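These notes are about the structure you will find just below.
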There are 2 protein chains.
Amino acid sequence: MSLSERRARLLSLIVSEFVDSAVPVGSDALVRKHGVRLSSATVRNEMAKLEEEGYISHPHTSAGRVPSDKGYRCYVEALMEDRDLPWDAKQTIRHQFHQAGREEDEWIQLSAAVLARAVENAAVVTAPRTRESRLKRIELIGIQDTEALVVIVLQQARLKQQILIFPEPIEQERLTAITNHLNEAFAGFSAGEIGRSQVQLTQLEWHVANAVRDIMEASDRGGYDEAHLDGVRNVLTKPEFASPDKVLNLLDVVEQRNLTKLIPFRELAAEGVTVMIGAEHEEDAMRDYSVVISRYGTPGGIGGAMAVLGPTRMHYPETISTVRFVAGLLSEMLASHYGEGSVPGEPGDGPPADGDTRGKKRK
Amino acid sequence: MSLSERRARLLSLIVSEFVDSAVPVGSDALVRKHGVRLSSATVRNEMAKLEEEGYISHPHTSAGRVPSDKGYRCYVEALMEDRDLPWDAKQTIRHQFHQAGREEDEWIQLSAAVLARAVENAAVVTAPRTRESRLKRIELIGIQDTEALVVIVLQQARLKQQILIFPEPIEQERLTAITNHLNEAFAGFSAGEIGRSQVQLTQLEWHVANAVRDIMEASDRGGYDEAHLDGVRNVLTKPEFASPDKVLNLLDVVEQRNLTKLIPFRELAAEGVTVMIGAEHEEDAMRDYSVVISRYGTPGGIGGAMAVLGPTRMHYPETISTVRFVAGLLSEMLASHYGEGSVPGEPGDGPPADGDTRGKKRK
DNA sequence: GTTAGCACTCTCCATACCCGAGTGCTAATA
DNA sequence: TATTAGCACTCGGGTATGGAGAGTGCTAAC
């Protein structure tokens, strides 16, 4: 990153002007609108250099300059000032969160909605999960002769269900007996511990225990599948989506199936906000989009991911602060609800617990 | 409906030609492409009459004719031949259904996907529900001092959960006691019956019972909220969506929140397929769309709704047959799974149980 | 190193234009 | 009376044309 002071300042101006106006920015738009104390000719020279180095590009001769992915990256990394969200913006968000009910699923949905509205882009929030789920309780409810519904309560009040088929007819009393025995034997266990356990069990009990273990393992492995999406409309109304084929492209990205694949939820830093810009994504389909993503949740415990999706032409500073803030809020809500993270103060009243993650960005 | 034989035939041709080509159809396109044994001049005269009566309309002078909502309605009601789906189409659909697992939710999702693909439009399938849910079992699982997760199992293996707050700290043993008592008192009850019940209960037990009743009532009232949507892409690629504002309109319609409001799931006939065309919808937003909708499920018992959403220019006969067929398949799967409807034969192997609903359409 | 000046390039927009499809009318025909 | 041939008319869509404007790159002067 060998940018002279002046060139850096120009790049910064180009980015913020282009983000605001969505129009390629020309040399004397810069000197006029922003107080650049240089002539347009000088600016042009500098722009030519910036283009040579790959920070900006030309849609065609005689159009202004547009930041390239590299330009945005440099801006995010070094140029922009990573200031905190203004108080009233925070207040607005907090206010919206006060409508939250007690259902965890509702929180996720609400977070996505609030985030999408605040940054005027699309937002995705995955359901929270623990790194390794632990069994709290099993229930078996008979449905038919040879079928029962097994309900698994995991720690943190997560619920799983599946229908189980038995090789022989079985009545509710026996189901209850099995349940009691298994609850006694496995309470607090993880999937692995159930598998390794040496407890004496009948064949039927093993049948159930194996199913439980499978379900818990699946829950540990997957987890990012459930995700709430909001604000696609925001993205579609942006000027870059004037042509219908772009719209189709976005829709493919957004289609539930792909979403969790395209957004790199997995390779997500333990804390801090990560930004991925345009072609930095592995997927071709994401070439025109940027993603601002953060983990939320209690440290090392239950948590999920939260992301903003929009065109590369995005208000990065505001978006990053907003994601950080909303992730902080949701984390506090989770922590105070599950009562394990021991976050001081009331949720949403103090500053979010993000002071230390400030400015951590990826790549 | 005072249409001469000939005029009806012409209208029918106009509709099917326009549905295929998406281009306004002119008088001699009809005589040339379809074996109309009349001169284009005569056809023009007839068209003028049809237009007077409101069955077709003119985008502008010197364009061909386009069916109006009334024209489509007449076509659906009287003109089209409501033939059954060809064997191989059925076979393709059955084949896709064989991938279905045991999860009810999966079925819904799969149905939407299969339906959307088959009719090349968007499809919505709501989760099934019973008319009046009945309690099968309650479980209480302590989470914190004063909080517990109440898990309610309803008949047909439907699960509801909510976090419940108690006015005082309470341990698992007391929770279990409450559970046992309530299960004994209320097993098999509907929400109303719980409310009217005269059983002697402690204050805490009432606390729980009320919560359970509320949840069950909410489940009975709502129910169509959960819906799977698939195939929006199909709709967007249709030529009527060339302009971006149309796309936005569709997206608003499709946004999860609105969907269940805009599609008249509630006023749905007990059986048979219902068609709503364009401005027949109450909502303005739906003015350009048609919906082909059907109930599925066991007669009078558990069931949901299944709908196809597309532009008014839609292949009505095929869509109607397909909806009917897929609804029939899903109904069979539900019936054989819950074993109450006693449908003979294996699911998907016999003809679907739709012979009697043929041709029932609305308005 | 910076700046003024200028020719050049390219997009965007409006105008004009024609072509063809399709209509509606009238008069001739069976 | 119903049908048809003929014809003038209308309108949308595609294609050339021609600035206007914005912005560049280069050169020469400061």
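Within every chain, numbering begins at 1; the chains are lettered A, B, ... in the order of the sequence lines, protein sequences first and strands thereafter. For clarity, every value in this text was computed on a predicted model and none was experimentally measured.
- Secondary structure note: stems in DNA chain C built from 3 or more consecutive Watson-Crick or G-U wobble pairs under 3.5 Å occupy C:1-30 with D:1-30.
- Between the side chain of A:Ser57 and the backbone N or O of A:Ser68 there is no donor-acceptor pair closer than 3.5 Å.
- The base of C:dT9 is paired with the side chain of A:Ser62 by a donor and an acceptor separated by under 3.5 Å.
- With rounding to whole Å, A:Glu51 atom CD is found 15 Å from D:dG23 atom P.
- Atom-to-atom, CG of B:Asn45 to C1' of D:dG6 comes out at 14 Å; the value is rounded to the nearest Å.
- Checking the phosphate oxygens (OP1, OP2) of D:dG25, a side-chain nitrogen or oxygen of A:Arg65 falls inside 4.0 Å.
- Here the side chain of A:Met47 is nearest to one of D:dT24, C:dT23, D:dT4, namely D:dT24.
- Under the 3.5 Å distance criterion, the side-chain polar atoms of B:Asn234 are matched with a main-chain donor or acceptor of B:Ala116.
- Going from atom NE2 of A:His58 over to atom P of C:dC8 covers 18 Å, rounded to whole Å.
- In the set C:dT23, D:dT3, C:dT2, C:dT2 carries the atom at the smallest distance from any side-chain atom of A:Arg6.
- The interatomic distance linking B:Glu46 (CD) with D:dT3 (P) rounds to 7 Å, in whole Å.
- Residue-to-nucleotide proximity on DNA chain C shows that, of A:Ser40 and B:Ala63, the 5′-proximal contact is made by A:Ser40.
- In this structure a side-chain-to-backbone donor-acceptor pair under 3.5 Å is present from B:Thr92 to B:Asp88.
- Heavy-atom contacts from other residues, nucleotides or ligands closer than 6.0 Å to NZ of B:Lys70 number more than 12.
- In this structure, the CZ atom of B:Arg7 is 15 Å from the C1' atom of D:dT3, given to the nearest Å.
- Partner of A:Tyr72 under the side chain to side chain contact (heavy atoms under 4.5 Å, CB included) criterion, out of A:Arg313, A:Glu77, A:Met80: A:Arg313 alone.
- Residue A:Thr42 is classed as a base contact, given a heavy-atom separation below 4.0 Å to a base.
- In the set D:dT24, C:dT3, D:dT4, D:dT4 carries the atom at the smallest distance from any side-chain atom of B:Leu38.
- With A:Tyr316 as the fixed residue, the side chain to side chain contact (heavy atoms under 4.5 Å, CB included) test singles out one of A:Ile277, A:Asp82, A:Val15, A:Leu79: A:Ile277.
- At the phosphate of C:dG24, neither OP1 nor OP2 sits under 4.0 Å from any side-chain N or O atom of B:Thr61.
- Regarding A:Lys33, its NZ atom lies at a distance of 9 Å from the P atom of D:dG23, rounded to whole Å.
- Of the residues near DNA chain D, B:Arg44 and A:Asp28, the one whose nearest nucleotide (by heavy atom distance) lies more toward the 5' end is B:Arg44.
- Residue B:Glu120 places its CD atom among 12 or fewer non-hydrogen atoms of other residues, nucleotides or ligands, all under 6.0 Å distant.
- Rounded to whole angstrom, the span from the CG atom of A:Leu30 across to the C1' atom of D:dT24 amounts to 14 Å.
- Following rounding to the nearest Å, B:His60 (NE2) and C:dG24 (C1') show an atom-to-atom distance of 16 Å.
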